[in-house]
> 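The structure under discussion is supplied below as structure tokens; questions concerning it will follow.
Order of appearance sets the numbers: ligands from 1, and atoms from 1 within every ligand. Heavy-atom basis, side chains included; hydrogens, waters and symmetry copies ignored.
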Amino acid sequence: MSAGPRGADPVPSDIEIRRVGREAAGILATLNADTFAGIAGHPWSSKDFEETLGDPAAIAVLAMDHSSDAPVGYALFRQVLDEAELLSVGVLEARRSQGIGREVIKAGARLVETSGARQIFLEVAEDNLTARHFYRMLGFAESGKRNDYYKYDHNSGSISAILMTVSLPLPAFPS
Ligand SMILES: CC(C)(COP(=O)(O)OP(=O)(O)OC[C@H]1O[C@@H](n2cnc3c(N)ncnc32)[C@H](O)[C@@H]1OP(=O)(O)O)[C@@H](O)C(=O)NCCC(=O)NCCS
């Protein structure tokens, strides 16, 4: 692993990041199902994405692979006044650790900041150490905990949610 965030690196050359709306609900639902297999949380249906994306407060970005014209990652935010919530982010397993997750968060953070957000908050399952590290590398800090917040879909257990927040612009990518 490198020493820190690769802030100066470009978006991987075969990837295009674009803003999407309600028309992409089905694509986001498929990506969500593929990227969250086995991870505690609330699975989102196509209808959930459609409803959320129909809300003007929603901001979604999609990472597309040029060569295959296939979606490989996404991030979904909801913004209310000066606060935005990161509702969901995922990258297909075969395309992880290539900077795509960082790029969809950077793109979404710029969009919510342009719309007036001054901070982003999120909830992440306590046992999702990869995501917690990913968020820390982007500048998020842990700010609280909700006990027994998520249910697993493969057993009856539950897991706490860690709350994380960051001020905008993202400290790792100020420009
Ligand atoms: C979390 C997730 C979106 C990260 O996407 P990604 O494209 O692999 O992340 P990036 O390549 O942009 O990584 C950015 C930084 O995050 C950290 N990171 C990413 N994957 C990591 C891993 N497996 N272990 C430790 N750190 C990791 C690294 O610091 C990395 O920077 P570096 O490569 O310069 O060290 C991806 O792992 C994923 O889709 N996970 C499943 C869904 C999920 O857990 N979503 C979040 C739930 S709240």
> Is any N or O atom of R102, backbone or side chain, closer than 3.5 Å to an N or O atom of ligand 1?
yes
> Got a donor-acceptor contact below 3.5 angstrom from the D48 side chain to the S45 backbone?
yes
> Go through ligand 1 atom by atom and flag the ones less than 4.0 Å from a non-hydrogen atom of V124.
48 (S)
> Checking contacts here: is it the side chain or the backbone of N128 that comes within 4.0 Å of ligand 1, counting heavy atoms only? Could be both or neither.
side chain
> Atoms of ligand 1 less than 4.0 Å from I39 heavy atoms?
41 (C), 42 (C), 44 (O)
> Which ligand 1 atoms, with their elements, are less than 4.0 angstrom from a heavy-atom of M137?
29 (O)
> For G99, take its heavy atoms, then give the atoms of ligand 1 lying under 4.0 Å from any of them.
10 (P), 11 (O), 12 (O)
> Does any N or O of ligand 1 fall below 3.5 Å from an N or O anywhere on G101, backbone included?
yes
> Give the atoms of ligand 1, by number and element, whose distance to some non-hydrogen atom of F36 is under 4.0 Å.
42 (C), 43 (C), 45 (N), 47 (C)
> Looking at Q79 and S115, would you say the former's side chain and the latter's main chain have a donor-acceptor pair under 3.5 Å?
yes
> Below 4.0 Å, non-hydrogen atoms only: which portion of E103 touches ligand 1? Side chain, backbone, both or neither.
neither
> For F77, give me all partners under ring-ring contact (aromatic ring centres under 6.0 Å, His included), at least two apart in sequence or on another chain.
none
> Before signing off on this row, confirm whether E123 and ligand 1 have an N or O atom pair separated by under 3.5 Å.
no
> Can you establish whether the number of heavy atoms outside D69 located under 6.0 Å from its atom CG is more than 12?
no
> Does R132 reach the main-chain N or O of E126 with its side chain, forming a donor-acceptor pair under 3.5 Å?
yes
> Just jot down the ligand 1 atoms closer than 4.0 angstrom to any heavy atom of T130, in number order.
20 (N), 21 (C), 22 (C), 23 (N), 37 (O)
> Output the list of atoms in ligand 1 that are nearer than 4.0 Å to some heavy atom of V89, sorted by atom number.
42 (C), 43 (C), 45 (N), 46 (C)
> Can you see which heavy atom on Q98 is nearest to which on P12, and at what distance?
O-CG, 3.0 Å
> Compare every heavy atom of S160 with every heavy atom of D148, then report the nearest pair and how far apart it is.
N-OG, 3.3 Å
> Would you check if the side chain of R102 reaches a backbone N or O of L138 as a donor-acceptor pair within less than 3.5 Å?
no
> Looking at CG of L87 and CG of L76, how far apart are the two atoms once the value is rounded to the nearest 0.5 Å?
4.5 Å
> Can you list the ligand 1 atoms lying under 4.0 Å from a non-hydrogen atom of T35?
41 (C), 42 (C)
> Side chain, backbone, both or neither: which part of Y135 has a heavy atom under 4.0 Å from ligand 1?
side chain
